[in-house]
Amino acid sequence: MSFQSEIVKWYFVNKRDLPWRETTDPYVIWLSEIILQQTRVEQGLPYFLKFLENFPDVKAFANASEERVLKLWQGLGYYSRGRNMLYTAKYVVDHFEGNFPTAYQDLLKLKGIGGYTAAAISSFSSNEKQAVVDGNVYRVLARYFGIEEAINSPKGQKQFAQLAQELIQDQEPAIYNQAIMEFGALHCKPKSPLCNQCPVQPGCYAYQHQKVEQLPLKLKKVKIRKRWFNYFVGINDDEILAKQRQPGDVWQQLYDFPLIESEQEVTIDDVALLAKVHELFGKNVELTVLESKKHVLTHQTIYVQFFAIDNYIVNFNQHTEIKSVKLTTFKQLPHPKIIGDFIEKHID
DNA sequence: AAGACGGGGCA
DNA sequence: TGCCCAGTCTT
């Protein structure tokens, strides 16, 4: 039996029941695929259900505010996915009369949809013969076929894409695509793959050559930047100082607090810090340390300190990025995870 | 071609 | 810790 047949056979026995597998609605599939980009099924599932409930169709999505979308997205990360979805929902309403496209070439033009997602939506919704190549597929193919080209080099990506497309030729696209991804996720896992009970073990290059742990090959990891964020929490009556994060940095468009970033860890009596604090909040401001935390992201580690401030004055004309908003309003805004956690813990 | 972009789970 | 996750966009 062929590699593909074995994978499909395995799939029918072992597949999970996942809600987006019950539909061919391209809008619903789009929702699931964007949410699942770089995201585990277990992490994305509750968000998928929440989004579908709030936005049952693409028109409902298109009518949402960016703030509402980002609030629903809060905690999931890679927030540009949410912003791009809103843009694309509007685009589909305006240019496709609200009918979400199913053709690979049409999908590829939409913001937030790349090769993987276009292949996924087109194959799942209309059975178009486009092979998905995600992290799971890279791993399965690299191991089984013994491909030593790096999965993140242009050359490697081309090679994997071509092989994947050859393999899907005589298959049912929707089922085969689901099958190979599911096989990678549950069986041919990154760590501790289940080789001893693998249906394609006899033909597996990596297994036969003891290279399971080495494949797939991935080039260089990026250096992780260290940053120090000093946040100032100012509450006066029922209002709080809020700041919206700007483009060009992490968490853009989300709301946090007035922030002084430093080049290293600072204490409450640091002269340089105090100078900036006085400039922002006036000479009479009083500081109290509330909490310190380490926030680890893929590309940077952020050491976060929260200070409470009292007796402060803010020149809102000079610092236009800072606003004073009602506490109830503030809580409804979208926040980075670490800010959302802080609010839940410290602000009633 | 390389970096940026979140957050969580696992060994 | 380091690596990976149903990747895409920007520089």
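Lettering of chains follows the sequences in order, A, B, ..., and the numbering in each one begins at 1.
Checking A:R40 against A:L110, the closest nucleotide of DNA chain C that is more toward the 5' end is the one next to A:R40. A residue-by-residue look at A:K191 and A:V296 shows that A:V296 has its nearest nucleotide of DNA chain B further toward the 5' end. In terms of position on DNA chain B, the residue among A:Q300 and A:L219 whose nearest nucleotide sits closer to the 5' end is A:L219.
Taking the six-membered ring for Trp and the full ring otherwise, A:Y47 and A:W73 have centroids separated by 6.0 Å or more. Aromatic ring centres of A:F257 and A:F330 lie closer together than 6.0 Å. Here the two rings, on A:F3 and A:Y144, have centers that are under 6.0 Å apart. When ring centroids are compared, A:F342 and A:H335 stay outside the 6.0 Å threshold.
At a cut-off of 3.5 angstrom, the base of C:dG7 holds no donor-acceptor pair with the side chain of A:T117. Side chain A:T298 to base B:dG7: a donor-acceptor pair is found below 3.5 Å.
Listed nucleotides: C:dG7, B:dG7, C:dC4. Nearest to the side chain of A:H295: B:dG7. The A:W20 side chain lies nearest to C:dA6 when the options are C:dA6, C:dC9, B:dC5. Candidate nucleotides C:dA6, C:dC9, B:dG6 were compared by shortest atom distance to the side chain of A:R81, and B:dG6 ranks first. Between B:dG6, C:dG7, B:dA11, one nucleotide has an atom nearer to the side chain of A:Q37 than all others, and that is C:dG7. Side-chain atoms of A:Q38 lie closest to B:dG6 of the nucleotides B:dG6, C:dA6, B:dG8. Among the nucleotides C:dA6, C:dC9, B:dG6, the one closest to any side-chain atom of A:K111 is C:dC9. Here the side chain of A:P336 is nearest to one of B:dG7, B:dC5, C:dA6, namely B:dG7. Nearest nucleotide to the side chain of A:W251, out of B:dG7, C:dC9, C:dA6: B:dG7. The A:K337 side chain lies nearest to B:dG8 when the options are C:dC5, B:dG8, C:dA6.
Note on A:R139: a side-chain N or O is less than 4.0 Å away from OP1 or OP2 of C:dC5. Checking the phosphate oxygens (OP1, OP2) of B:dG7, a side-chain nitrogen or oxygen of A:Y79 falls inside 4.0 Å. In terms of phosphate contacts, A:H299 brings a side-chain nitrogen or oxygen within less than 4.0 Å of OP1 or OP2 of B:dC5.
Of the listed residues (A:E67, A:E66, A:R83), just one forms a side chain to side chain donor-acceptor pair (under 3.5 Å) with A:Q253, and that residue is A:E66.
Atom name P, nucleotides C:dT1 and B:dC5: the rounded distance is 23 Å, in whole Å. Atom name C1', nucleotides C:dT8 and B:dG9: the rounded distance is 23 Å, in whole Å. If you take atom P in B:dG6 and the same atom in C:dT11, they sit 15 Å apart, rounded to whole Å.
The interatomic distance linking A:R225 (CZ) with B:dA4 (C1') rounds to 9 Å, in whole Å.
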